[in-house]
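Note that the coordinates shown come from a computational prediction; the quantities given were computed from them, not determined experimentally. Indexing begins at 1, ligand by ligand and atom by atom, following the structure's order. FYI, side chains are in, hydrogens and waters are out, and symmetry mates aren't considered; it's all heavy atoms of this structure.
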Amino acid sequence: QDTRATTATQAQPAAAKPRVVVLATGGTIAGAGASAMNSATYTAAKVPVDKLLAGLPELSNVAQVSGEQVFQIASESFTNEHLLKLAQRVSQLAKQGDVDGIVITHGTDTLAETAYFLSLTVRTDKPIALVGSMRPGTALSADGALNLVNAVSVAASKDARGKGVLVTMNDEINTARDVNKDINIQTSAFKSQWGPLGMVVEGKNYWFRAPVKRHTTQSEFDIDSITSLPQVDIVYAYGNVQPTAVNALVAGGAKAIIHAGTGNGSVADRMVKPLQDARAKGVVIVRSARVPYGFVLRNAEQPDDKHDWVVAHDLRPEKARILTMLALAKGASTQELQRMFWEY
Ligand SMILES: NC(=O)C[C@H](N)C(=O)O
């Protein structure tokens, strides 16, 4: 009896690839410049998602990928409405049985803010990976292609489940909460002060740590029940700063002001009274720091208990703004907001 035929038919059929949806929002990863020398001079948000995906045949080895153009904008122009619309779409897709992971292509300038917003509001354990690029696809040594393949491969992997919203740039996997754009011009733009969670190399993830802060499935926020976000603004501290901006924001209807203080979140003597007055009018005051690393301590630099101010822990002012908007949308008190800053 010839056994060769039997042996041949015993070969296992290739397992179906995970299904990943790429939601495109614009940014440099969809940018185009006039020449290959233009690594920094170009127009963002030009190339449609279908074209981005069609240019990457490698993706089909990793996942069954489909694309959806949600916006086509540079990320510095993101608004609260964009955040809400994107998070609602991510939440819908995450509930679908035929979606295993979601990738969001995004401009890098506000990518970390959007990532944090999604990690706080989308209740899923499916992998969500945000990705951008520092050079447009038309440039020499463009970084978008590999970044995007890496993002799809992370979103497609079972071992990324339950790790919350991730940012995959420059071969690193960072958690949405900790990561920030720390360097412009360079492709190693994204850093977490507490270190990356891992790396993605040739389609495989290498994990070294896991996030401990509440996110996604453990979050008390839920995009499905949020329809609008309150006005929360940021005031930047510097030598000779005057109360002009604080007073204007209060008059303009800000519900909270994030004070990006010097050093440990310190507040200039002439700014204390205007901030106290704002608080007396019901405006929530959050003390953060313009210093990128370290963290702000409660009742150090200022008597926060006495002022009824909140401290932003290690969150940058722009990320403190995201958490404060979500807290106020839920009607949180200043005590609850402070708890949230320690927990998220
Ligand atoms: N590298 C980039 O994506 C920067 C661009 N300004 C953006 O955020 O859309």
Side-chain angles (χ1 to χ4, degrees), residues 22-53 55-56 67-87 89-90 102-119 128-152 154-155 165-174 176-192 196 200 234 236 292 316-319 321-322:
V22 176
L23 297 179
T25 73
T28 299
I29 194 164
S35 92
M37 279 300 285
N38 288 127
S39 59
T41 310
Y42 57 87
T43 311
K46 278 279 177 215
V47 184
V49 65
D50 293 344
K51 211 171 154 200
L52 278 185
L53 299 180
L56 285 172
E68 203 176 297
Q69 194 79 46
V70 189
F71 319 118
Q72 185 65 294
I73 57 170
S75 76
E76 59 268 29
S77 299
F78 249 71
T79 62
N80 289 348
E81 286 63 44
H82 290 114
L83 285 180
L84 291 171
K85 192 170 171 205
L86 178 63
R89 186 65 190 131
V90 174
I102 299 161
V103 167
I104 296 137
T105 61
H106 198 294
T108 55
D109 291 352
T110 63
L111 185 150
E113 290 161 66
T114 299
Y116 188 45
F117 185 81
L118 295 174
S119 87
I128 299 171
L130 282 92
V131 64
S133 77
M134 294 301 288
R135 297 177 180 146
T138 45
L140 288 172
S141 287
D143 52 333
L146 181 56
N147 282 351
L148 183 50
V149 172
N150 282 343
V152 169
V154 167
V165 175
L166 304 164
V167 173
T168 54
M169 293 278 297
N170 203 35
D171 304 349
E172 285 188 358
I173 309 169
N174 278 284
R177 181 198 180 272
D178 293 346
V179 78
N180 291 295
K181 185 174 183 177
D182 265 12
I183 310 169
N184 51 32
I185 302 289
Q186 301 179 18
T187 50
S188 57
F190 282 77
K191 301 278 175 216
S192 294
V200 47
I234 300 171
Y236 200 85
R316 300 264 173 100
E318 64 274 19
K319 279 185 159 170
R321 176 182 168 273
I322 298 284

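- Close approach to Gly107 involves these atoms of ligand 1, each under 4.0 Å from a residue heavy atom: 3 (O), 7 (C), 8 (O), 9 (O).
- Atom numbering of ligand 1 starts at 1 in the shown order; those under 4.0 Å from a heavy atom of Ala74 are 9 (O).
- In this structure, Ala32 and Pro136 approach most closely via the heavy-atom pair N-CB, 3.9 Å.
- Considering Leu146, Asn147, Leu130 as possible partners of Met169, the one that fulfils the side chain to side chain contact (heavy atoms under 4.5 Å, CB included) test is Asn147.
- Closest non-hydrogen pair, Thr114 versus His106, comes out as OG1-NE2, 2.8 Å.
- With respect to Phe117, the side chain to side chain contact (heavy atoms under 4.5 Å, CB included) criterion is satisfied by exactly one of Leu84, Thr110, Val165: Leu84.
- Less than 4.0 angstrom separates some heavy atom of Glu76 from each of these atoms of ligand 1: 5 (C), 6 (N), 7 (C), 8 (O), 9 (O).
- Shown here are the ring pair (Phe, Tyr, Trp, His ring centres under 6.0 Å) partners of Phe190, two or more places apart in sequence or in another chain: there are none.
- Remark: among candidates Ile73, Asn184, Thr25, Thr108, the nearest residue to atom 1 (N) of ligand 1 is Thr108, based on non-hydrogen atoms.
- In summary, the atoms of ligand 1 found under 4.0 Å from a heavy atom of Gly27, numbered by their order in the structure, are 9 (O).
- Salt-bridge check for Asp182 with Arg316: passed, with a basic side-chain N closer than 4.0 Å to an acidic carboxylate O.
- A search for salt bridge (Lys or Arg N to Asp or Glu O under 4.0 Å) contacts involving Glu68 returns Arg89, not counting sequence neighbours.
- Distances between N or O atoms of Asp109 and those of ligand 1 include at least one value under 3.5 Å.
- Distances from ligand 1 to the non-hydrogen atoms of Ser133 include at least one value under 4.0 Å.
- In terms of protein heavy atoms, atom 4 (C) of ligand 1 is closest to Thr28 OG1, 3.3 Å.
- When hydrogens are left out, the protein atom nearest atom 9 (O) of ligand 1 is Ser75 N, 2.8 Å; that is the closest non-hydrogen contact.
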